[in-house]
*Asks:* 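The structure's right below; bear with me while I get my questions together.
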Amino acid sequence: MAHELVRLRAEGLVTEHIALESVVSEKLTRDRKPGPDPELDELKASIKEIGLSNPIRVERRPDGRYDLIQGMRRLSAYQALREETGDEAYAAIPAGIADATNLDDSYRRMVDENLIRKDISFAEMGALARAYAEDPANDCPDMDKAVSTLFKSASYTKRSYIRAFASLLMKMDKLLMHPNDIPRNVGVELKRKLDSDPGLIRKVGSALMSEPDRDSAREVAILRGILTQETVAPVKSKSEGSAKPRRAKTTFQVPGRAGVAKCSASSGRIEVRYNLDFTRVDRARLEQAIATLIEDLQEDDLTHG
């Protein structure tokens with residue numbers, strides 16, 4: 001039994017509580033979006049109610065502390081709860097502790113866990129591959145090798161999409177304000193056209209820089225317009241006559257029987273992310289639901305307009 005316990009601990013399969021201050025998160029380049037995490041409040045509420053069901057994963061360091069491998073959001077939630085509540089119950093977090101491995105294996109563990117996230121974008125994965133390739137500590141000669149190493153568990157097609165976005169970010173890093181919101185087909189096609197026509201990047205740059213206050217929906221619309229060779233009319237500013245100011249995207253959440261629906265709405269568009277396979281819903285029911293939604297929104301607009 002003692003030998004088995006030693007083995008399980010070495011593989012990180014025995015959960016222990018470790019102090020937040022002892023966890024170091026700099027070993028790996030993270031693929032999280034910069035800025036506030038919209039799902040952090042949900043995770044904090046869950047931890048308050050039922051505790052942390054999935055411990056973080058760390059590796060031992062020579063200095064007695066631990067390198068974080070999996071669980072950046074969980075660690076952030078514990079840190080926030082401790083700061084907000086002052087409760088020492090959040091001073092230590094459940095963790096599976098393993099011996100240190102080579103850097104490639106550590107990255108693979110982080111990436112494999114994140115591949116199951118529904119919200120991770122191809123731009124985030126491409127950015128991670130780029131950062132990995134550019135880090136001298138990884139001894140990675142090029143981007144293709146980085147993608148092959150980090151995303152070995154992904155399909156060949158998915159790896160090709162990640163490579164396309166990594167290349168796109170290298171070409172347009174300083175031009176894009178909302179890369180994480182670029183749809184896969186738009187990013188892949190834009191990269192292909194830039195490869196065949198390097199001069200196109202000037203046109204893309206001019207179109208984007210002409211609207212420095214654009215939101216993510218507008219940025220994608222500009223890119224789509226360039227791909228289809230359509231003229232995308234710039235959004236007028238408040239100072240241009242009596243034009244109405246452009247409204248920013250609205251995001252909100254709605255509870256349902258299968259979880260929380262994450263919604264975003266902008267001019268002419270509404271998007272719903274929900275734990276439901278809509279392809280399995282009868283088409284007539286879907287059509288009726290959409291028709292009811294549109295009718296209700298139109299009536300509300302006419303009432304309050």
*Asks:* Where is the tightest heavy-atom contact between L208 and L175, given as atom of each residue plus distance?
*Replies:*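 It is CD1-O, 3.9 Å.
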*Asks:* Indicate whether any N or O donor in one side chain lies under 3.5 Å from an N or O acceptor in the other, for E124 and S121.
*Replies:*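 Their side chains do contain a donor-acceptor pair, which is all the 3.5 Å distance test asks for.
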*Asks:* Counting only heavy atoms not in M170, do more than 12 fall under 6.0 Å of its CE?
*Replies:*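 Open.
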*Asks:* Verify the distance criterion only: is there a donor paired with an acceptor across the side chains of E42 and S46 at less than 3.5 Å?
*Replies:*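 Side-chain D/A pair, E42 to S46: absent.
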*Asks:* Going from CD on Q253 to SG on C263, what distance comes out if it is rounded to the nearest 0.5 angstrom?
*Replies:*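 Result: 8.0 Å between the selected atoms.
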*Asks:* Can you check whether R214's main-chain N or O pairs, donor with acceptor, with H178's side chain at less than 3.5 Å?
*Replies:*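 It does hold such a pair.
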*Asks:* Which atom pairs, one a donor and one an acceptor, fall under 3.5 Å between side chains of residues 194-202 and the rest of the protein, sequence neighbours left out?
*Replies:*
from : atom 1 : to   : atom 2 : distance (Å)
D195 : OD1    : K171 : NZ     : 3.3
D195 : OD2    : K191 : NZ     : 2.7
S196 : OG     : R192 : O      : 3.4
S196 : OG     : K193 : O      : 3.0
D197 : OD1    : G199 : N      : 3.3

*Asks:* If you compare all heavy atoms of P94 against all heavy atoms of L52, which two are closest, and at what distance to 0.1 Å?
*Replies:*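 Taking P94 first and L52 second, the nearest heavy atoms are CD-CD2, 4.0 Å.
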*Asks:* Within the 4.5 Å heavy-atom criterion, are N54 and R74 side-chain neighbours or not?
*Replies:*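 A side-chain contact under 4.5 Å exists here.
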*Asks:* Do the side chains of R163 and S148 get nearer than 4.5 Å, heavy atoms only?
*Replies:*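 Yes, side chains in contact.
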*Asks:* Relative to each other, are the rings of F165 and F122 parallel, tilted or perpendicular (30° and 60° limits)?
*Replies:*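 Rings of F165 and F122: parallel, as their planes differ by under 30°.
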*Asks:* What distance do E21 atom CD and Q79 atom CD have between them, rounded to the nearest 0.5 Å?
*Replies:*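 Going from CD on E21 over to CD on Q79, the span is 8.5 Å.
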*Asks:* List the atom of A123, the atom of P179, and the distance in Å for their closest heavy-atom pair.
*Replies:*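 Looking at all heavy atoms of both residues, the closest pair is CB-O, 3.3 Å.
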*Asks:* State, with a plain yes or no, whether a side-chain heavy atom of V220 is found less than 4.5 Å away from one of I222.
*Replies:*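 Not touching, per the 4.5 Å side-chain cut-off.
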*Asks:* Evaluate the side-chain proximity of L223 to L176: yes if any heavy-atom separation is below 4.5 Å, no if none is.
*Replies:*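 Result yes, sub-4.5 Å side-chain heavy-atom pair found.
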*Asks:* Measuring only between side-chain heavy atoms, which start at C-beta, is K145 closer than 4.5 Å to D142?
*Replies:*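 K145 reaches D142 side chain to side chain.
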*Asks:* Any side-chain heavy atom of I69 sitting closer than 4.5 Å to one from V58?
*Replies:*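 Heavy-atom side-chain distance check fails, nothing below 4.5 Å.
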*Asks:* Tell me every residue that passes ring-ring contact (aromatic ring centres under 6.0 Å, His included) with Y78, counting only those two or more places apart in sequence or in another chain.
*Replies:*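 So Y78 forms a ring-ring contact (aromatic ring centres under 6.0 Å, His included) with Y90.
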*Asks:* Side chains of I97 and E59: closer than 4.5 Å at any heavy-atom pair?
*Replies:*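 No, their side chains stay 4.5 Å or more apart.
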*Asks:* So do S76 and L40 actually touch side chain to side chain, heavy atoms under 4.5 Å?
*Replies:*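 Yes. Closest side-chain heavy atoms under 4.5 Å.
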*Asks:* Is any side-chain N of the basic residue among E271 and R269 closer than 4.0 Å to the acidic one's carboxylate O?
*Replies:*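 Salt bridge: yes.
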*Asks:* Hey, quick one: are I270 and V281 part of the same hydrophobic cluster, counting side-chain heavy atoms closer than 4.5 Å, chains of contacts allowed?
*Replies:*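 No, separate clusters.
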*Asks:* For R130, give me all partners under side-chain hydrogen bond (donor to acceptor under 3.5 Å, both in side chains), at least two apart in sequence or on another chain.
*Replies:*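 For R130, the residues satisfying side-chain hydrogen bond (donor to acceptor under 3.5 Å, both in side chains) (neighbours in sequence not counted) are E134, D173.
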*Asks:* Could you pull out the closest heavy-atom pair between E84 and K44, with the gap in Å?
*Replies:*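 For E84 versus K44, the nearest heavy atoms are OE2-NZ, 2.6 Å.
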*Asks:* So L68 and V24, side chain to side chain contact (heavy atoms under 4.5 Å, CB included) or not? Walk me through it.
*Replies:* CA-CA 6 Å; L68 179 68; V24 181; over 6 Å; no
*Asks:* If we ignore hydrogens and angles and just use 3.5 Å, is the side chain of S167 paired with the main-chain N or O of A164 as donor and acceptor?
*Replies:*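 Judged by distance alone, no pair lies under 3.5 Å.
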*Asks:* Which pair of non-hydrogen atoms, one from A77 and one from I47, has the smallest distance, and what is that distance?
*Replies:*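 Residues A77 and I47, closest heavy atoms: CB-CD1, 3.8 Å.
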*Asks:* What's the shortest heavy-atom distance between A129 and A146, and which atoms?
*Replies:*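 Heavy atoms only, the tightest pair is O-CB, 3.4 Å.
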*Asks:* Hey, is R224 close enough to E189 for a salt bridge, meaning N to O under 4.0 Å?
*Replies:*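 Salt bridge absent between R224 and E189.
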